[in-house]
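In what follows, a single structure is set out as structure tokens and then discussed.
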Amino acid sequence: MNQPKRYLITAALPYANGLKHIGHLAGAYLPADIYVRYLRAQQRDVVFVCGSDEHGTAIPIQAMKEGTTAQAIIDKYHPIIQQNFADLGISFDIYHRTSAPIHHETAREFFDVLNKNGDLETRETEQYYDEQAQTFLADRYIKGTCPNCGNPGAYGDQCEKCGTSLSPDELINPVSTLSGNAPVKKATTHWYLPLNRHEEFLRGWILKEHGEDWRPSVVGQCKSWIDGGLQPRAVTRDLDWGIKVPVEGADGKVLYVWFDAPIGYISATKQWALDNGKNWEPYWNDEETKLVHFIGKDNIVFHCIIFPAMLKLHGNILPENVPANEFLNLEGDKMSTSRGWSIEMEDYINDWIKPENGGGAMADALRYYLTSIAPESKDSDFTWKGFQQAYTSELVSVFANFVNRAFVLMHKLCGGKVPVFHNDLIDDQDKQLIEEIKATKEKIETAIEQYRFREAQFEVIDLARKANKYMQDKEPWILAKSLAEKPELQKQIDNCLHLCLQLTANLAIFANPFLPFTVQKMLHMMKVVDKMLSWDNAGSLKLLSVGYTLRAPELLFRKIEDSEIAAQIEKLHARLAKAQAALAATSGGAAPAAAPAEKADKSAKPEAAAKAEIQYDDFAKLDLRTGTILSAEKVEKADKLLKLQVDLGTETRTIVSGIAMHYQPDQIVGKQVVVVTNLASRKMRGIESQGMILMAEDASGKLHFVNPEEKINPGAGVS
RNA sequence: GGCGAGGUAGCUCAGCUGGUUAGAGCAUCGGAUUCAUAACCCGAAGGUCGGCAGUUCAAGUCUGCUCCUCGCUACCA
């Protein structure tokens, strides 16, 4: 598609259960915004849609925790996130929300079409059901003991302490969080999207058609999924928060959030069209529309496999590209809101973007640094020092300094007006600079169109660098000293500054997608209007009219003091300490060691996970005994498992334990441990495990043996 | 364990179908300069291209093995 008729650009819908951090910004929203601003400058027909993802179980769960309703949660976060994006210059054409009626209609229609066409399957399965609440329980509504780490407050989909993904069936002693009762199994029917039917299509479309133009990591990830065998995926759930399944008798069932969320792109487009008197249909149905999804790498499977399969079945166009980014780390560690190691967009805005702190210029400062370290091909690292350095030595010293020099000199040496260019005096340096301007245009075009924003932005600064050198070589301030005896030198001064000013105007065009706030300031100084930023004007040397009076220079950026950076770093650590303390307080003295950032973000902080009260008889069912580890070896093809031989006095048992990440086999031989000896045996990795070792987890997530103060005889009862 | 993506100067990254002394920006050091937010300009130093073997006249670039990081996945009592 060389010149598409129109573009539809999407950025991943943020989940409306909390604030979003700068890693999200760097991963999806910023690159998408740069791309869109670039397209707009080219007068392309482009719509940039995004919005809050407001369904899914984490929303009502969050509501329970905050003691409010699901509706209140989304009504709280939706406007905050929307405003955060606006403050950072992310220029959505619409920031919609999936709770909107038009989205419900759109998603139901979508489901309906697939269902009526026979593109879905139904299956009956056994699911946990809360008899008191008379409802099926979504995974998140079931709690129990984590089979991996023993955390008693693990959820049915994931243990937040150890980060393990779970299914409700794996929980030990499952309990409904609605009534506190043990749930029962009950049959329920659900609709499935049989992805397995589309393997051939996906293989051809992704691997053959886009094997070259999509990012290697995206293609690789897809290939991995397809090769792993695509399975039917449940499209509906038993839950009361979401979009009702549009089928007779499907009461209490809603569309699974992964199904309705991407459809949010379509409903957002519809709403945008309504608001602007446009027709939405070509954007999703016409082959000449270029659809691009900007996402983080955690979203690849949805946007490259599942949603395209849905779109194809529904008769829509498919994405032309899905430029997924990797992750942004923070000062060397994974970013995670729940762990307290993150910079929320809101934090940055409060500390830097408020008018008294720097305003839009500081939004551009963040945009600049995040783009310069964009995790396009691998995870990258945000550091405050790096932020300050990139800002000071590139944005300010090279870019802003050139603009300032050109303006100051123009005012000092050319009477505050754009000087005339004397064509008869043009020299090789002038010609070369002019060539550089034109070359920059093409370099930026090529880079942006291939989603290489880091490189594109580099070219902007690089042009400013060349401009600095040009000015340095020409030295108009030196020439000015001899004007008295050689008045003809004024012509050379004029030529130099004429070019520098035209180049400044070009810089504004080039920088516009990246630094929109700064560029507005430049336009003001040059007394020109937005229209000048049209991409067609790039490369032109007639952007500023000869004789035109320009405003006095004003600094584009303020200085960032070392103390500010030190304060931010300090703040970061303070927040971490605070979050860790809060976690420790609520989860019985333990904090997650390394909860996966994304997963942790989508769920709220673990709450005190007190188990239901039991009677002595319940406890007495356990047969706990001391044992001594006689030998330990790593289990083949399993990262976490050790196979232990444990001496229980009267017998020696084989126990498989998930502690390999914490102990070397030879470290633990001879250790005394406490064993649950009457636990039903279970086979793991082909080894029969005849018991369970009790472990305690410390605040860092490390496991420790629970054992007698002094060594005693193996087989001693514990009670 | 399986799969995927990466591992190139202190940092962030370029290096296409193998071919002159492996490049850029930042940081560092030295010099020059003052129009400019001590910025700009010039110069220097800095890499056995994760490791080992192989193919080749020639490998950062191809093949095999291996180590490390990240992600997905399996295992998880």
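So you know, we letter chains A, B, ... as the sequences are listed, proteins then strands, and number each from 1.
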Heavy atoms only, 4.0 Å cut-off, all strands: where does A:Ile655 land among base, sugar-phosphate and nothing? nothing
Please report the distance, rounded to the nearest Å, between CZ in A:Arg405 and P in B:U37. 11 Å
Choose from B:A5, B:C41, B:C26 the nucleotide whose nearest atom is closest to any side-chain atom of A:Pro216. B:A5
Looking only at side-chain atoms of A:Lys378, point me to the closest of B:C72, B:G25, B:C13. B:C13
Using whole Å, report how far CZ of A:Arg465 lies from P of B:G25. 6 Å
Between A:Asp379 (side chain only) and A:Pro375 (backbone N and O only), is there a donor and an acceptor less than 3.5 Å apart? no
B:A27 to B:C41 separation - P atoms, rounded to the nearest Å: 11 Å
Starting at atom CZ of A:Phe387, determine the distance to atom P of B:C26, rounded to an integer number of angstrom. 18 Å
N/O (side chain, A:Arg558) to phosphate O (OP1/OP2, B:U37) under 4.0 Å: no
Atom CG of A:Leu479 and atom C1' of B:U34: how far apart are they, to the nearest Å? 15 Å
For A:Phe514 and A:Arg367, which heavy atoms make the closest approach, and how far apart are they? O-NE, 2.9 Å
Which part of the nucleic acid does A:Ser657 contact within heavy-atom distance under 4.0 Å: base, sugar-phosphate only, or nothing? sugar-phosphate
For B:C72, does either OP1 or OP2 sit under 4.0 Å from a side-chain N or O belonging to A:Ser217? no
Remember a base hit wins even if backbone is also touched, and classify A:Gly691 as base, sugar-phosphate or nothing at under 4.0 Å, heavy atoms. sugar-phosphate
Tell me if a side-chain donor or acceptor on A:Asn329 pairs with a main-chain N or O of A:Asp381 at a distance below 3.5 Å. no
Can you tell me how far C1' in B:G19 sits from the matching atom in B:A58, rounded to whole Å? 6 Å
Report which part of the nucleic acid A:Val218 touches: base, sugar-phosphate, or nothing (heavy-atom distance under 4.0 Å, all strands). nothing
Nearest whole angstrom, please: distance from the C1' of B:C72 to the CD of A:Glu326. 12 Å
Within the structure shown, what part of the strands sits under 4.0 Å from A:Ala400 by heavy-atom distance: base, sugar-phosphate, or nothing? base
Do the rings of A:Phe382 and A:Trp384 sit parallel, tilted or perpendicular, given the 30° and 60° boundaries? perpendicular
Expressed in whole Å, how much space separates the P atoms belonging to B:C16 and B:U55? 24 Å
Can you tell me the distance, in whole Å, between the CZ atom of A:Phe407 and the P atom of B:C40? 20 Å
From B:U37, B:G71, B:C26, pick the nucleotide closest to the side chain of A:Phe557? B:U37
Integer angstrom distance from the P of B:C13 to that of B:G18: 26 Å
Report yes if at least one side-chain N or O of A:Arg452 is closer than 4.0 Å to OP1 or OP2 of B:C13; otherwise report no. no
Using purine N1 to pyrimidine N3 plus N6-O4 or O6-N4 for Watson-Crick, or N1-O2 and O6-N3 for G-U wobble, both under 3.5 Å, which nucleotide pairs with B:G6? B:C68
Could you tell me the separation between the CZ atom of A:Arg215 and the C1' atom of B:G6, rounded to a whole number of Å? 14 Å
Opposite nucleotide pairing with B:C13, Watson-Crick or G-U, both atom distances under 3.5 Å: B:G23
Hey, does the side chain of A:Lys469 come within less than 4.0 Å of B:C42's phosphate (OP1/OP2), counting only N and O? yes
If only atom types and distance count, is the side chain of A:Asn468 paired as donor or acceptor with the main-chain N or O of A:Val398 below 3.5 Å? yes
With rounding to whole Å, what would you report as the distance between B:U8 and B:U73 at their C1' atoms? 30 Å
Under 4.0 Å between a side-chain N or O of A:Ser372 and OP1 or OP2 of B:G25? no
Between B:C35, B:G6, B:U37, which one does the side chain of A:Asn404 approach most closely? B:U37
Going by the rule side chain to side chain contact (heavy atoms under 4.5 Å, CB included), which residues pair with A:Asp427 if we only count those two or more places apart in sequence or in a different chain? A:Gln429, A:Asp430, A:Lys474
Quickly work out the A:Asp473 CG to B:G43 P distance and round it to whole Å. 11 Å
P spacing across the pair B:A45 / B:G10, given as an integer number of angstrom: 15 Å
Pairwise 5' ranking along RNA chain B for A:Lys297 and A:Phe458, keeping only the more 5' one: A:Phe458
A:Ser397, nearest nucleotide to its side chain (from B:C40, B:C35, B:A5): B:C40
Donor-acceptor contact present, side-chain A:Ser397 to main-chain A:Thr392, <3.5 Å: yes
If pairing means Watson-Crick or G-U wobble with both distances under 3.5 Å, then the partner of B:U55 is none
For B:C26 and B:A14, measure between their C1' atoms and round to the nearest Å. 15 Å
Output, in order, the C-alpha distance, side-chain angles, deciding distance and verdict of side-chain contact (heavy atoms from CB on, under 4.5 Å) for A:Thr677 and A:Arg653. CA-CA 9 Å; A:Thr677 56; A:Arg653 288 203 192 177; 3.8 Å; yes
Ranking A:Glu475 and A:Val396 by the position along RNA chain B of their nearest nucleotide, the one closer to 5' is A:Glu475
Which nucleotide wins on minimum distance to the side chain of A:Asn401, given the candidates B:A27, B:C40, B:U34? B:C40
Nucleotide paired to B:A39 in any strand shown, Watson-Crick or G-U, under 3.5 Å: none
State which of B:C40, B:C41, B:C70 makes the closest approach to the side chain of A:Val398. B:C40
Consider the side chain of A:Gln221, meaning its heavy atoms from C-beta on, and name the nucleotide among B:A27, B:G71, B:A36 that approaches it most closely. B:G71
OP1 or OP2 of B:C35 less than 4.0 angstrom from a side-chain nitrogen or oxygen of A:Lys474, does that happen here? no
Passes side-chain hydrogen bond (donor to acceptor under 3.5 Å, both in side chains), A:Glu326 versus A:Ser217? Steps please. CA-CA 9 Å; A:Glu326 307 289 304; A:Ser217 58; 3.3 Å; yes
Among B:C72, B:C26, B:C35, the one nearest A:Trp225 by side-chain distance: B:C72
So which nucleotide does B:A44 pair with, by the Watson-Crick or G-U wobble rule with both distances under 3.5 Å? B:U28
Please state the P separation for the pair B:G15 and B:G23 - nearest whole angstrom. 15 Å
